[in-house]
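Counting begins at 1 with the first residue of the sequence. Given the structure is predicted, the values throughout are model-derived calculations rather than measurements.
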Amino acid sequence: MGNVARRPDGKWRARYRDAEGKEHARHFTRKTDAQRWLDEVSAYIVTGQYVAPKAGQITLRDFTEPWRLAQVRRPAPAALYEHNLRCHIYPSLGARRLDSITPTDVQALIKRLSLTLAPSTVSVTHGILATVLKAAVADRRIVSSPAVGTRLPKVTRPHVVPLATAQVQTLAELAAPHIRGLILTAAGTGMRQGELFGVTVDRVDFLRRSLTVDQQLVNVKYGRPVFGPPKTAASVREIPLPQVIVDALAAHLHAFPAGPDGLVFVGTLGQPHSRSSFWKPWRTLTERAGVPGFKFDGLRHYYASLLIRHGESVKTVQARLGHATAAETLDTYSHLWPDSDDRTRDAVDVVLGAPADSPRTEEATT
């Protein structure tokens with residue numbers, strides 16, 4: 001794999017050639033040190049872990065941007081990557097060379113972000129950085145990822161507490177006319193915000209009373225909507241529409257006809273909704289309705305609570321909401337299903353609490 005030779009000045013030179021035929025050398029005072037270094041490099045080459053000495057001298061930003069643009073991702077995840085890199089990662093580590101970033105640097109970044117961001121956001125940001133550094137390892141830019149072993153803030157998932165029906169009705173009553181139908185449809189279908197913003201007239205079947213979800217609004221460019229697929233493959237679904245929602249959609253389209261893009265829900269000037277433009281009027285509305293801080297996705301939780309309250313199964317709720325798995329549905333809403341403790345008590349009381357000669361007791365003992 002190489003050799004160690006003594007130079008005229010008395011130092012020992014260890015040298016080798018990499019897979020591309022380029023020679024690399026280092027000089028040592030002692031022969032044993034030179035041989036140890038050469039043995040380590042040889043071991044890396046044999047095990048496929050070799051990294052050229054200058055491969056990691058590229059900055060994190062210069063490595064990441066071409067890598068990011070080469071990835072095949074849906075619009076929403078791609079936008080999430082771009083935002084987190086630009087806002088949370090590049091300001092601290094973007095100008096650093098890959099081979100200079102240490103686990104301590106990554107931990108310090110996480111600690112700093114934890115002071116201002118929610119634990120879930122910090123976890124997502126770390127995951128993006130870890131993915132980038134893993135790609136750098138795969139590209140033989142660095143030997144190992146400094147993002148391995150980082151301690152992250154604990155993410156606690158609070159129980160979903162749906163609004164009462166009266167509160168949802170108050171939101172709809174106080175809303176501006178052009179978003180009243182949007183709120184009712186959200187509460188009556190459980191659709192995600194992007195899915196609602198991307199609903200077009202051709203997706204609503206008034207005769208069959210159903211709504212097809214196969215796209216969402218992911219961006220607005222030059223005033224025109226940019227559509228993308230829903231969150232996951234399971235999010236593509238057909239939602240049965242109750243008559244109250246059919247009537248609400250019909251009244252909404254009568255007052256606010258769809259524009260050239262076919263969008264059902266648009267802004268006051270006919271422009272597509274965006275999360276950023278919708279946030280401020282939504283915040284104002286929730287404050288007026290007495291539920292400050294209530295998130296739009298809470299209407300999705302309200303819809304789920306209605307289904308559960310009326311006895312729908314886990315699989316049905318999963319299908320209506322477009323969850324990828326039943327486990328996701330249970331993780332979010334299991335506390336809303338009737339408590340099995342009371343059913344257990346009732347079952348035992350029915351049998352053991354009955355008179356000894358009752359038919360029910362005899363059936364239980366046979």
Side-chain angles (χ1 to χ4, degrees), residues 64-65 68-69 71 73-92 94 113 115-125 127-128 163 168 171-172 174-187 189-200 203 213-232 235 252 256 258-289 291-303 322:
T64 302
E65 283 305 293
R68 178 179 67 83
L69 295 174
Q71 303 308 301
R73 289 194 175 91
R74 295 184 298 111
L80 179 67
Y81 263 71
E82 189 279 331
H83 172 80
N84 278 273
L85 286 165
R86 173 171 47 84
C87 296
H88 304 320
I89 297 174
Y90 287 160
S92 297
L113 294 178
L115 299 177
T116 56
L117 300 178
S120 58
T121 304
V122 174
S123 181
V124 169
T125 301
I128 292 173
L163 288 186
V168 174
L171 277 172
L174 296 179
H178 71 286
I179 66 171
R180 185 171 298 137
L182 174 67
I183 292 172
L184 291 173
T185 304
T189 63
M191 294 170 65
R192 299 179 177 93
Q193 188 178 55
E195 295 170 348
L196 284 160
F197 288 173
V199 171
T200 48
R203 264 65 177 181
V213 181
D214 60 357
Q215 65 183 16
Q216 65 173 327
L217 184 69
V218 296
N219 203 353
V220 179
K221 287 188 176 181
Y222 308 109
R224 301 298 300 275
V226 178
F227 298 104
K231 185 178 180 180
T232 65
S235 300
H252 173 83
F256 307 97
D261 296 307
L263 290 174
V264 173
F265 303 113
V266 293
T268 53
L269 301 179
Q271 76 280 14
H273 283 299
S274 68
R275 291 181 183 274
S276 57
S277 64
F278 187 78
W279 178 79
K280 187 174 181 180
W282 174 256
R283 183 185 65 176
T284 302
L285 173 61
T286 58
E287 291 173 350
R288 290 181 58 211
V291 286
F294 178 72
K295 296 181 179 179
F296 188 85
D297 281 348
L299 295 173
R300 177 172 165 85
H301 300 324
Y302 171 78
Y303 173 75

Any heavy-atom pair between the side chains of [Y] and [X] that's under 4.5 Å?
X: P272; Y: L217; result: yes
X: P225; Y: V220; result: no
X: Y90; Y: E65; result: yes
X: T64; Y: L85; result: yes
X: V124; Y: Y81; result: no

So how far is it from [X] [atom1] to [Y] [atom2], rounded to the nearest 0.5 Å?
X: R283; Y: T286; atom1: CZ; atom2: OG1; answer: 8.5 Å
X: T125; Y: H88; atom1: OG1; atom2: NE2; answer: 4.5 Å
X: M191; Y: L196; atom1: CE; atom2: CG; answer: 4.5 Å
X: Q215; Y: R203; atom1: CD; atom2: CZ; answer: 4.0 Å

Closer than 3.5 angstrom, by distance alone: can the side chain of [X] be matched with the main-chain N or O of [Y] as a donor-acceptor pair?
X: R73; Y: A78; value: no
X: Q271; Y: L269; value: yes
X: T185; Y: G181; value: yes
X: T121; Y: L117; value: no
X: H273; Y: V266; value: yes

How are the rings of [X] and [Y] set relative to one another: parallel (under 30°), tilted (30 to 60°) or perpendicular (over 60°)?
X: F278; Y: F197; answer: perpendicular
X: H252; Y: F256; answer: tilted
X: W282; Y: F294; answer: tilted

Shortest non-hydrogen separation from [X] to [Y] and the atoms involved:
X: Q193; Y: D297; answer: N-OD1, 4.1 Å
X: T200; Y: D261; answer: CG2-O, 3.6 Å
X: P91; Y: R86; answer: CD-O, 3.4 Å
X: L174; Y: A289; answer: CD1-CA, 3.7 Å
X: K231; Y: Q216; answer: N-NE2, 3.8 Å
X: I183; Y: L171; answer: CD1-O, 4.0 Å

* Please test W279 against T284 for side-chain contact (heavy atoms from CB on, under 4.5 Å), starting from the C-alpha separation and ending with a verdict. => CA-CA 9 Å; W279 178 79; T284 302; over 6 Å; no
* So, S235 and T232: side-chain donor and acceptor under 3.5 Å apart, yes or no? ->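 Yes, T232 and S235 have a side-chain donor paired with an acceptor closer than 3.5 Å.
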